[in-house]
Structures are given as structure tokens and as C-alpha cells.
Amino acid sequence: MSDKKLIAVVGATGAQGGGVVRAVLTDQSGQFAARAITRKPDSPKARMLAAAGAEVVAGDADDPASLERAFAGAHGAFLVTNFWEHLSPERELAQATTMARATRAAGVTHAVWSTLEDTRLAFPLDDPRLKTLHGQYKVPHFDAKGEADAIFAADAAPTSYLMAAFYWENFIYFGQGPRSGPNGNLVLALPLGGGKLPGIAAEDIGKCAYGIFKRGPEVSGQRFGIAGEVLSGPEYAAAFSRHLGAPVSFYDMPFAEYRALGFPGADDMGNMFEHHAILGEEFRRYRSPEVARALNPALQSFDDWLNANASRIPRG
Ligand SMILES: NC(=O)c1ccc[n+]([C@@H]2O[C@H](COP(=O)([O-])OP(=O)(O)OC[C@H]3O[C@@H](n4cnc5c(N)ncnc54)[C@H](OP(=O)(O)O)[C@@H]3O)[C@@H](O)[C@H]2O)c1
């Protein structure tokens, strides 16, 4: 039997968990092994993880017994929920609760929970600065994750808390990249309220999480807020101009205009940007490139990320 410490990874076929699995498998020290948890062990992504050296097992965050089986024998567990699959903060909280309890039931030594702030702590529901959504949330995809922190603290294995920044991959997959404006020039439109937006290469999130596992359960109870770089709208646009070979200007879209874009979750995302802008430095100090680099010395800057990804950014 291997004496490697096993890290069981929820979301292994996705961006964050996939990064954790790849960080484990490429660590030359061979200290840890990776177990990829997925609802679809036969999917092409799951097969790729198996081919790369991960153990692939079935597990579903809606099914507590399946997660307890999937965590059995694991030293570590990486836990992430996918709000955007269902857009339900209540379901996200239920899934997080299931994961938290399963880590304790399975005897896991160290959990890393990918959380975000419960924005209602800074903006109570009656605070008029940020619109209340669905009667009980300010930023639903943040709030349910943050609410789950108390459940991790009370009912889970010893847990460290990881707070990721805006993925730069949103510029590729989430329609957030530069688009042709009315005069044909490229425009980056984001609602930043004149502030800066911490961002990160998605792959670096998993590497940072792995850095937390390497520190060990001694850092349970600690929070790690990470970013690759913290840039203003004009700084993002200037970087795009350098890498896309065409000038990109920045449009600081009003929050209400963004909320009205109409895609599923536009109100949630609009409130997220407004939350960041109102809190300013108070929010940004919990998204630190220094914290991220200490966990992951290979952390990418936005220029590094663009060097590798500019050709993948849709234009138009
Ligand atoms: N985009 C951003 O800028 C950003 C920034 C910070 C935080 N986040 C948060 O990141 C989260 C998503 O993480 P991601 O980007 O890594 O996701 P992703 O790439 O979209 O992949 C989703 C992963 O979740 C797994 N999954 C979903 N439902 C599951 C369930 N019921 N049981 C077990 N596994 C389940 C999927 O596994 P299978 O399908 O293989 O089962 C898949 O591996 C969201 O909650 C979002 O709020 C996003």
C-alpha cells in the first residue's frame, strides 16, 4: 500500500478541483496522491484524469453516503460547489453542508473549502447601498458559500478556507472579454465603479489549494484570500491592447446596466461588482497576490496569462 497522503478532490473535472489534481500529480516530491471525485466517472474529463494518474471515484454532493465513501481513507479533501449549475443558494448551502459533514464522518485530517464572503455581514438586508435579491441575499453566489463557513467550523474535519478571485478565464468563457464597440474598436466593459478588480488564472487556484495542503492541518481555521494580480479597468484594457494587437478601451459600465444584461445571474454578478467597488480596499485586502505567491511560487501575472491565452479570447 502507498504511503502517500491521499487528497480527495470534489470538482476534479472542473477548473478549481482540476487544478488541485494536476498540482498533486505534477509535484515531483510525490508526497501526495490524488483522488478525483465526479458524478460521471466515465466522462472524457474523468478518463483524462485517470490517464494522468488520478484515482477516479464516483461521488455526488447531493448524496451524503456517496461522498462519505469517496472521502474514505483520504488525508485531505478539497471542496468546491458549482453555484452556476443551478443558481440556487439554498442548494449550494445544502451541498456544502453535505460535504462538510462527510469530511468529518470519513475521518479526513485536513479539508480546504473554497468559499467566498457572506456579503450580508457587511451589507445587512436593510442596507440600501446594495439591492436585496430573492428576499434574503445581496450576492447569492457569495452569500451561501460564506454562510457555510460556520458549518465547516462546527461540523467538518479541520478546515482551511480559500477565497478565489475573478477567473481571467471569464474573459474566454463567460462573455466578459473585449467586444467590438459601435465604431468597430474593441471595448472592455466591466462595472468596476472606478476601482480595481483582483483576478487570477483559474489553474493557480488549485495550485494555491495544494500549497495549503502542504502546510498541513496546522493551518486549519485560517483564511487564504488569493489573486494573481489586482488591476484597474484601464490596466486590464492596456494589457489586452498589448496582447491582442489592437487597441482596447475600457468602459466602466454602470452597475444597473450590468444587472439588466439579462443573462442568468446578471443581477447576482452586478451586485458582486458593486459590493467590491463599495468596499474597495476593504475587499481587496482579502485577495492578495502575496498570499497566493507564498502558496504557489509559479503564480501567473495577467501578462503571463495573456501570453498563454490571448489567442483563445473571442473577439467580436
Ligand atoms: N468564475 C469565477 O470567476 C469564480 C471566482 C471565484 C469563485 N468561483 C466559484 O467557483 C465555483 C465553480 O468552480 P469551478 O469553476 O471549478 O467549476 P467548473 O469548472 O464549472 O466545474 C464544476 C465542477 O463541479 C462538479 N460538481 C458540480 N455539481 C456536483 C455535485 N452535485 N457533486 C459533485 N461534483 C459536482 C463537477 O463535477 P462532475 O460534473 O464531473 O460531477 C465539476 O467538476 C462556483 O461556485 C463559483 O461561484 C468562480
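In this chain, residues are counted from 1 in sequence order. All ligand and atom numbering here is 1-based and tracks the order in the structure.
Looking at K145 against ligand 1, only its side chain comes within 4.0 Å, counting heavy atoms. Looking at N170 against ligand 1, only its side chain comes within 4.0 Å, counting heavy atoms. Only side-chain heavy atoms of V80 come within less than 4.0 Å of ligand 1; its backbone N, CA, C and O stay farther off. In F174, neither the side chain nor the backbone holds a heavy atom less than 4.0 Å from any atom of ligand 1. Residue A165 touches ligand 1 through its backbone alone, judged by heavy-atom distances below 4.0 Å.
Contacts of D149 classified as salt bridge (Lys or Arg N to Asp or Glu O under 4.0 Å), with partners at least two apart in sequence or in another chain: R223.
Neither side chain, E117 nor T119, offers a donor N or O lying under 3.5 Å from an acceptor on the other. A donor-acceptor contact under 3.5 angstrom links the side chains of Y173 and R312, judged on distance only.
A salt bridge links D42 with R47; the closest basic N to acidic carboxylate O contact falls under 4.0 Å.
Taking distance alone, with nitrogen or oxygen atoms compared against 3.5 Å, G14 approaches ligand 1 more closely than that limit.
L188 and G233 make their closest contact through CD2-O, 4.2 Å (heavy atoms, listed as atom of the first residue, atom of the second, distance).
Residue Q95 has at least one heavy-atom neighbour below 4.0 Å for each of these atoms of ligand 1: 31 (N).
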